[in-house]
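One structure below.
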Number of protein chains: 2
Amino acid sequence: MKHGWAAAAQSGRAASQQGMRRQNLALVMTTVAAHGPMSRAAVAERTGLTRAAVSSLVDELHSAGLLTESGSVPSGRAGRPGRALALSERGPAGLGLEVGVGHLGACVVDLRGEVRVWLRVAAANRNRRAEEVLAELTAVSERAVGEARASGLRPVAAVLAVPGLVGDAPGTVERAPNLGWRDVAASELCAHGLPLEVDNEANLGALAELWQGAGACDFIHVSAAEGIGAALVVGGRVFRGARGFAGELGHVPVRPDGPVCACGARGCLEQYAGEEAVLRQAGLGRGEDAVRRLASRARDGDRRALGALERAGEALGTTLAGAVNLVDPAAVVLGGAYAELGDWLLPGMRRELATRTLRRWPPEALLVSALGRRGPLTGAGMAAIRRIIEDPAVWRPTD
Amino acid sequence: MKHGWAAAAQSGRAASQQGMRRQNLALVMTTVAAHGPMSRAAVAERTGLTRAAVSSLVDELHSAGLLTESGSVPSGRAGRPGRALALSERGPAGLGLEVGVGHLGACVVDLRGEVRVWLRVAAANRNRRAEEVLAELTAVSERAVGEARASGLRPVAAVLAVPGLVGDAPGTVERAPNLGWRDVAASELCAHGLPLEVDNEANLGALAELWQGAGACDFIHVSAAEGIGAALVVGGRVFRGARGFAGELGHVPVRPDGPVCACGARGCLEQYAGEEAVLRQAGLGRGEDAVRRLASRARDGDRRALGALERAGEALGTTLAGAVNLVDPAAVVLGGAYAELGDWLLPGMRRELATRTLRRWPPEALLVSALGRRGPLTGAGMAAIRRIIEDPAVWRPTD
DNA sequence: ACTAATTTGTTTTCCGCCCTTACGAACAGG
DNA sequence: CCTGTTCGTAAGGGCGGAAAACAAATTAGT
């Protein structure tokens, strides 16, 4: 009989005192970020650290410009009032960038998670040279950075949202079919000298939902834009899979013998609920604001539009029911462009989810994103600054 | 515009020196477990700790009876040879228990991960009173514990594998339809005074595969026994979902209009690849060793058996293709009773997976478990002792 | 108004743990 | 036999959190 523990089972790094300090700095930051302005004593109680330790940690974060101390806040009860700690609104900030098929975007998010600058310009990027697109994006982002500086903010990291796959090489887009990109090294854009990370727009939209939404920390975020993508958020982190390709909801089979898909298989979800398929069934052509036109037709009671949305919702529901059975998320969030179509998609989805999920998966766990289209760019900005919150030690104010 | 970080985004605990020590003890244990007998210096190099720190940690683990020191091992190179450290084969051990529909099992696994005692007795447990079953299991497990003690082992924790759902309450089975159990508090069994944990057999089978297999640490383990269950292993841990119900592969829809399932929905995978459906299509009745009979018929070239297995493999493949698109695992492992049917299931599965997965998911990533039926019980024993390896601080030799 | 009680934040002391450095031990090679 | 190398251990130092004590600021009670 074979024995022994497989090598794959090992994990973890050595814990040192520096690592301990680092972890506790992060703990204070995330605690203040999550639970609003609060006193040192409240932080201590919530984290389990002593008040003395919290004081020391707060000192360090304060002198780094990450935490600010407002005046006394009367607690209502007896005793000396605590001094409210909050994340600085003038410290480092995150720069979010987005390349869409029809637009470019840039935003700046401060430490508190508030969007302080928001720029979005129309641009026909389909099959345009990547260098050109990135040059224009650089211009947009420089405007955003300028406005941020004027408000006392200092963008220190950037995240770019793209409608495509990001591979192993950091800062590069492996494939973005709708843009016609292939192996584009987007870090070239980094003219600001900021470290730039690239991620899929669906993943970033999900993160925005995680950080802004009423939020569970385990959910599936469905983001229908050109294709149908899903992001699995597990324990507050996007689950990327072994090779980074997780979340390809659009090519989960709905009917094994269904229509042939561009991917070569039959009956993929995209053939039922993809933008192109829905528009075709609704009798609409593709175009810039096709989704908006579809929504207005549905509002007017157009039979074909309503039927197409009904069928799309049903197919989405069937597929998501399978995903729910497999993953058991606390919620399913409908985001991206389809958030605007929620009114007409939801009934079919709910019906399918209700009949096809075991253990009475609660129907109220199916949500529509409040961010909708703004999700990816918002998420990019938040992800950029979130790195500092989750590891304040990387931030040196002297830089 | 809404702002602020959702409360869900917080995580992590305070790091203290005790926690640091604890983590490093675990690091040494897992390193030695994963990379065989090795010297202190080798542990230091691999973990990043200093040789001095490793010495101190090893001392503590040695005096707790968890590590043993063999004689000098010449490294071949110049210099003083190191003394080989290995996990003790006489220290604490894990007790694995299993209640199946047709059998009871108990095993004892030592720190090295080796199965030292293995007992399995036939028993007709379907719709039998839980108390009776557990009493008989207690008898079996006492025999196993006795044999283990005779070899110098000391079972210190137990894990029970059941074909059912384990809920929030620790140590209780929420539902096990094939046994007819409902809200059974299995911890009552704990006559040995050992702490007992209960888990689903599919999850434990997956863990056995993780720890014994050549193993990736992200994979989907399909375990077909009575129902069809799957366990998602993510980063070396079983992913249980928000409510602990993840992995219900059997009720993922294959054909939305297919035959009605016991769950109320239509076209669930179980209707195509479940044991009952396959046996019916193959013209076989249910029975104790039905799977074995099916395999022998297939070996003999029986048309109906081959056809049934072909169709089952295809349905499994379709469903798994969807799961692979969603989760992007490094491997899919076919375990449980169906491992014995791999020869006939695999072709259809491979075909479906090849056509329906994007990004050419490598066909060699579809594996058949070597453990097969022995998976859950093995995994239970390993899980029991693994707790001590992953947190040696919980183990007090004085007990 | 004045005191007691309570809560906050800081200071001081202490302890644990890892790191650095140094040293003895054990082996291979010339 | 001597040298170079590697292994394990020991001593000293620094860092970081815990525990306890103290000062500060407010409420409650009389």
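Mapped onto DNA chain C by nearest heavy atom, B:Arg77 and A:Ala78 fall at different nucleotides, with A:Ala78 at the one closer to the 5' end.
A donor-acceptor pair is defined here as one N or O able to donate and one able to accept, closer than 3.5 Å; no such pair exists between the side chain of A:Asn203 and the backbone of A:Ala231. A side-chain donor-acceptor contact under 3.5 Å links A:Trp395 to the backbone of A:Ala64. At distances below 3.5 Å, not a single donor-acceptor pair connects side-chain atoms of B:Asp59 with backbone N or O atoms of B:His62. At least one donor-acceptor pair under 3.5 Å links the side chain of A:Asp328 to the backbone N or O of B:Gly244. Here the side chain of B:Arg387 pairs no donor or acceptor atom with the backbone of B:Pro392 at under 3.5 angstrom.
Remark: A:Arg386 is positioned above the aromatic ring of B:Trp5, its terminal NZ or CZ atom under 6.0 angstrom from the ring centre and at most 45 degrees off the axis.
Rounded to the nearest 0.5 Å, atoms CD (A:Gln17) and CD (B:Gln17) are 6.5 Å apart. We find the OG1-CG distance between A:Thr47 and A:Asn24 to be 7.5 Å, quoted to the nearest 0.5 Å.
Put simply, chain A comes within 4.0 Å of DNA chain C, heavy atom to any atom, from C:dT6 to C:dC18, going 5' to 3'.
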Contact string for nucleotides 8-18 of chain D, one letter per nucleotide 5' to 3', B = base within protein heavy-atom range under 4.0 Å, S = sugar-phosphate only, - = neither, reads BBB---BBBSS
